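To start, the structure itself, in structure tokens.
Just so it is clear, the structure is predicted and the values come from calculations on it, not from any experiment. Chain naming here is simple, since letters A, B, ... match the order of the sequence lines and numbering starts at 1 in each.
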Amino acid sequence: MTSKSSIPKGTRDFGPEVMARRNYILDTIKQVFRLFGYQPIETPAMENLSTLLGKYGEEGDKLLFRILNSGDFLQNVDLSSVNGVSDLLPHITEKGLRYDLTVPFARFVVQNRNELPFPFRRYQIQPVWRADRPQKGRYREFYQCDADVVGSDSLLNEAELVQMVDMVFSRLGIKVVVKINNRKILAGLAAAIGQPERLTDITMAIDKLDKIGIEKVNEELAERGLPEQAIQALQPVLFTKGDAYAKLESLKKIIGHIEEGTKGIEEMTILLKYLANSKLSLQLEFDLTLARGLNYYTGAIFEVKALDAAIGSICGGGRYDNLTGVFGMPGMSGVGISFGADRIYDVMNELELFPATSADTTHVLFLNFGPDEEQYCLPKVSQLRQLGVNTEIYPSAEKLKKQMRYADQKNIPLVVMAGESEMAGNSFTLKDMKQGGQQTLPSASLAKAIHELLQAK
RNA sequence: GUGGCUGUAGCUCAGCUGGUUAGAGCAUCAGAUUGUGGUUCUGAGGGUCGUGGGUUCGAGUCCCAUUAGCCACCCCA
């Protein structure tokens, strides 16, 4: 019995079959990103805490994984003057694992501003970490696939992001609804009901409308300290009916007198117009209750949900006007989206949407009959590899049954056998594991036969 | 940070109101088959029943604590 080993809560190992499927998702996303002119970058897994802290709200700060300083990290700490953990932390940790890809990207842009072509379009596919309590569809380590463009405030970017969402999910075969809204409209609403300061409280509460219902939302608004009349003033908005344009018309009546709200309505109108010309196959919904948690969003916001699976959002994003400002570079607007690869995987798994194509594996296995036969096979093995055929030779002369089983388990389609009789005839026996048939061929025509069989598959 | 559920073989689980040696399927290994896998048949190995304490003549089963995992809330991809 070996000692019990395990991995940290909320993290996972990925075996070869799972990796094949994960790569299928990531490759699809990458292809679409490139198709729209986005270029890849990577940033370190860890950032200085000064980069991370304060960007995700109070809750986000709590969910940051902090990295203990190396060495004798207590050396210069005066423990008697420290009062509690929160007081001690800044003295013993100065780095943390990244929480998302957007903030590190903003840091990257500011640091490299002189080298980058603007508007700069980048994509980034890397893991992020959150010290959450894991549950269904929620992990402590997961991949985000981000595409952002900074240095352009054109709404064409927003429209293209929605097109990318459309393309990714139609290629993957997932039916989705894209919900869109605009933070400026929400800000206008907050102002219209006389509570411009309470934007975050309002949005966080109404974001849950379809989940907990209007009564609970109102309760929560009250708990968050909103006066009754403000809550009442909000009610008609929450139930604005009709298509997107009808909603915009109703909104004009409510927030038309507020400058920011009007701006939001204008932006939404333009975006809808772009999208009307984009031949989308996905379902688009202007959802006034969509708020999204991250508080750096300032314009359009998106969220994508799978229609046939209950797993929360699988993609989200929005515009942030001043993210680089906190790193000393004001006036740079950006907009981006993030695909949650792990949740997309879970959805596709649940709905059985993965194509049958199995893991990339060996095409041909040479069975091992002994020392002389090994030598006889080696040149042929090399030749096949040169020709681009994934080839293995079994490393030891085990019983054939065992070697065949290995080929079977790895789903290797072709097996080559060469024993005494083949060596005598300068030939090889090629077996098709699927069909079960086999034929003995002259050495010179083996490669061709293999090539033809693989083509046929 | 708050609440609920569950820990039995490598995995998925059964195990009745406490009763003698704790079972099944899958997986693993060996054999049937010394140059032929995926099917079949036969056999084998593998467990301090999460951990610690308690009740009892007797605990996988009941009670308490602890720990780990899952689910929900908060928040989020």
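At most 12 heavy atoms of other shown residues, nucleotides or ligands fall within 6.0 angstrom of atom NZ in A:Lys448. Counting heavy-atom neighbours within 6.0 Å of A:Glu420 CD, excluding the residue itself, gives a total of 12 or less. Few gaps surround NZ on A:Lys410; more than 12 heavy atoms of other groups in view lie less than 6.0 Å from it.
For A:Gln435, no side-chain nitrogen or oxygen approaches OP1 or OP2 of B:G37 to under 4.0 Å. At least one side-chain nitrogen or oxygen of A:Arg405 sits closer than 4.0 Å to the OP1 or OP2 atom of B:C29.
Stacking of the aromatic ring of A:Tyr406 onto the base of B:G37 is not found under the criterion of centres within 5.5 Å and planes under 30°.
In this structure, the nucleotide among B:G31, B:C74, B:G35 sitting nearest to the side chain of A:Arg138 is B:C74. Of the candidates B:C74, B:U36, B:A77, B:C74 carries the atom nearest the A:Glu59 side chain, counting heavy atoms from C-beta on. Here the nucleotide nearest the side chain of A:Met417, chosen from B:G38, B:C75, B:G35, is B:G35. Among the nucleotides B:G35, B:U28, B:C74, the one closest to the side chain of A:Lys208 is B:C74. Relative to the side chain of A:Thr429, the nucleotides B:G35, B:G37, B:A77 differ in distance, and B:G35 lies closest. Residue A:Lys401 has its side chain nearest to B:A32 when only B:G38, B:A32, B:G35 are considered. Of the candidates B:C75, B:U36, B:C76, B:C75 carries the atom nearest the A:Glu220 side chain, counting heavy atoms from C-beta on.
A:Tyr406 has its ring centre less than 6.0 Å from the ring centre of A:Tyr394.
Residue whose closest nucleotide on RNA chain B sits further toward the 5' end, between A:Lys399 and A:Lys431: A:Lys399. The nearest heavy atom of RNA chain B to A:Met404 and to A:Phe339 marks one nucleotide each, and the one closer to the 5' end goes with A:Met404.
Judged by distance alone, with hydrogens and angles left aside, A:Gln403 brings no side-chain donor or acceptor close enough to the base of B:U36 to form a pair under 3.5 Å.
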Report each atom pair, protein N/O against N/O of nucleotides 69-72 of chain B, whose distance is under 3.5 angstrom.
| residue | atom | partner | partner atom | Å |
| --- | --- | --- | --- | --- |
| B:G69 | OP2 | A:Lys9 | NZ | 3.3 |
| B:C71 | OP1 | A:Lys136 | N | 3.4 |
| B:C71 | OP2 | A:Lys136 | N | 3.1 |
| B:A72 | OP2 | A:Gln135 | OE1 | 3.1 |

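At a cut-off of 3.5 Å, with distance as the only test, no side-chain donor of A:Asp146 or A:Gln126 sits close to an acceptor on the other residue.
Across all strands shown, A:Tyr143 has no heavy atoms under 4.0 Å from either base or sugar-phosphate atoms.
Across all strands shown, B:U55 forms no Watson-Crick or G-U wobble pair with both key distances under 3.5 Å. B:C26 and B:G10 make up a base pair, with Watson-Crick or G-U wobble contacts both under 3.5 Å.
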